[in-house]
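First the structure, in the form of structure tokens, and then the observations on it.
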Amino acid sequence: APLFHLADAGVLQSFQKTQENKKMKKFAPLLFFLLCFMAAAQPPQRIISGAPNFTEILFALELGERLVAVTDFCKYPPEAMRKEKIGGYINPNMEKIISLHPNLVIIPKTKSELPKKLARLNIPVLELPNESVADVLHAVSAIAERCGVPAMGTHLKTQMENELAQLQSRFADKPKVRTLLVVSRAPDSLKDIYAAASGTFLDELLNIAGGENVFAKQPALYPKISRESLIAFNPDVILDMTFFNTTHTTDTMQTALKPWYDLPVINAVKHRRVYLITDPSLTIQGARLPQSARLIADLIHKNEEDKP
């Protein structure tokens, strides 16, 4: 009888193990899904930024330590330049991206195939529009939320909104300053001039700063401008961003301004209100938007007798 009971116990244990194995197999897909979900729900710790404005926002949210790589164009804050580089944000180095094992890549929303390439590699992507002021403010909230710091995102967004609103109210009752926003031209001539029109963040910042964009009503965001159009629209102030991120002496500044002197009939040239913008922050729609708007305001509201 004892031998029978021992054998019977062994059979029972074997049966129980078999049933447990069946249960484990049955719930294995669910368990795998839950583990993947929990991993995805964790805030990303290895982030790659695909544009300078996203890099600035990440640092403003105090997430710089999680940033493992940036583009070649990410130069602010200075800490960003010490990060690994993935090349340009239009055609980044995919091998470099893969080697860094990111669990989030933040990129601007374009017609690029990059999001699909990253998705095929199971690399999480946060794709954000970044043309308007509203896009920038949304990016602050979206990045903060995705990275697990929503309160910091709310604080930064509110601070930016308040600073922009204060600046706008400051010039609300003053005459608008008719301004041309040049984003690019040939360095030594007035050929291939491109301006920022309505729908761009630069146009919005100009309006906030008390300016009026003379080329606002154009079909393209960045239309090409002819000399004839320059004369016809006759801006009172010209902000030339062709030479951003460069250092100028008094002599090189005058050389850079010289092509404009060929059009003395334009009010901005006549009254020496053509300003070269060398601060790159003006061309980056990131956390420094209020600073950019103040820079525009300082320039366009200078006294007409002031010289650049």
Side-chain angles (χ1 to χ4, degrees), residues 42-90 92-93 96-97 99-110 114 118 123-164 167 201-202 204-205 208 241 244-247 277-296:
Q42 295 297 316
Q45 300 298 316
R46 297 184 62 80
I47 304 170
I48 291 178
S49 170
N53 56 322
F54 298 147
T55 298
E56 292 193 10
I57 290 171
L58 284 163
F59 274 100
L61 292 171
E62 298 182 10
L63 297 171
E65 290 185 358
R66 300 194 205 174
L67 196 57
V68 295
V70 299
T71 73
D72 293 345
F73 304 98
C74 298
K75 300 179 184 297
Y76 185 89
E79 295 89 334
M81 299 182 69
R82 295 194 287 269
K83 300 292 183 178
E84 295 277 354
K85 301 295 187 294
I86 60 166
Y89 50 84
I90 296 177
N93 186 329
K96 184 68 174 180
I97 291 176
S99 71
L100 292 168
H101 305 290
N103 47 25
L104 181 64
V105 177
I106 306 174
I107 57 175
K109 193 170 186 177
T110 65
L114 181 58
L118 294 170
I123 297 176
V125 178
L126 179 58
E127 193 178 8
L128 297 167
N130 66 340
E131 187 57 62
S132 68
V133 171
D135 288 341
V136 178
L137 295 172
H138 169 69
V140 170
S141 297
I143 292 173
E145 187 72 31
R146 186 67 173 268
C147 295
V149 289
M152 293 192 68
T154 300
H155 174 76
L156 177 59
K157 180 184 176 183
T158 301
Q159 181 181 353
M160 292 171 65
E161 288 174 331
N162 289 342
E163 289 183 32
L164 290 171
L167 186 66
F201 78 98
L202 287 171
E204 290 185 79
L205 293 183
I208 289 171
M241 289 164 268
F244 77 90
N245 207 25
T246 58
T247 303
I277 307 294
T278 58
D279 186 344
S281 67
L282 192 59
T283 62
I284 299 174
Q285 55 275 49
R288 293 185 291 171
L289 275 189
Q291 175 182 322
S292 298
R294 286 192 293 270
L295 173 61
I296 292 175

Shortest non-hydrogen contact between [X] and [Y], atoms and distance:
X    : Y    : result
L164 : A293 : CD2-CB, 4.0 Å
L156 : A60  : CD2-CB, 3.7 Å
K75  : D72  : NZ-O, 3.7 Å
P44  : C147 : CD-CA, 4.0 Å
A144 : G153 : CB-CA, 3.4 Å

Measure the shortest side-chain to side-chain distance between [X] and [Y] over non-hydrogen atoms and say whether it is less than 4.5 angstrom.
X    : Y    : result
C74  : F54  : no
N53  : P108 : no
L167 : P290 : no
I97  : P102 : yes
P43  : R66  : yes

Could you give the distance from [atom1] ([X]) to [atom2] ([Y]), rounded to the nearest 0.5 Å?
X    : Y    : atom1 : atom2 : result
L202 : I296 : CG    : CD1   : 6.0 Å
L118 : L126 : CG    : CG    : 12.0 Å
I57  : L128 : CD1   : CG    : 8.0 Å
H138 : E145 : NE2   : CD    : 10.5 Å
Y89  : T55  : OH    : OG1   : 11.0 Å
I284 : N130 : CD1   : CG    : 11.0 Å

By side-chain contact (heavy atoms from CB on, under 4.5 Å) - contacts of [X] (at least two apart):
X    : answer
A69  : I48, E84, I86, L100
V136 : M160, Q285, L289
E79  : F59, P77, R82

[X]: partners by side-chain hydrogen bond (donor to acceptor under 3.5 Å, both in side chains), with sequence neighbours left out:
X    : value
E163 : Q159, R294
S99  : none
S292 : none

[X] (side chain) donor-acceptor with [Y] (main chain) under 3.5 angstrom:
X    : Y    : answer
N103 : P124 : no
T158 : H155 : no
K109 : I107 : no

Given V105, I106, V70, V68, the one that forms side-chain contact (heavy atoms from CB on, under 4.5 Å) with I47: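 Exactly one pass, corresponding to I106.
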
More than 12 heavy atoms from other groups under 6.0 Å of CD on Q291: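 Yes - once you tally the heavy atoms of other residues, nucleotides and ligands closer than 6.0 Å, there are more than 12.
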
Test side chain to side chain contact (heavy atoms under 4.5 Å, CB included) applied to L63 and M152, step by step: CA-CA 10 Å; L63 297 171; M152 293 192 68; over 6 Å; no

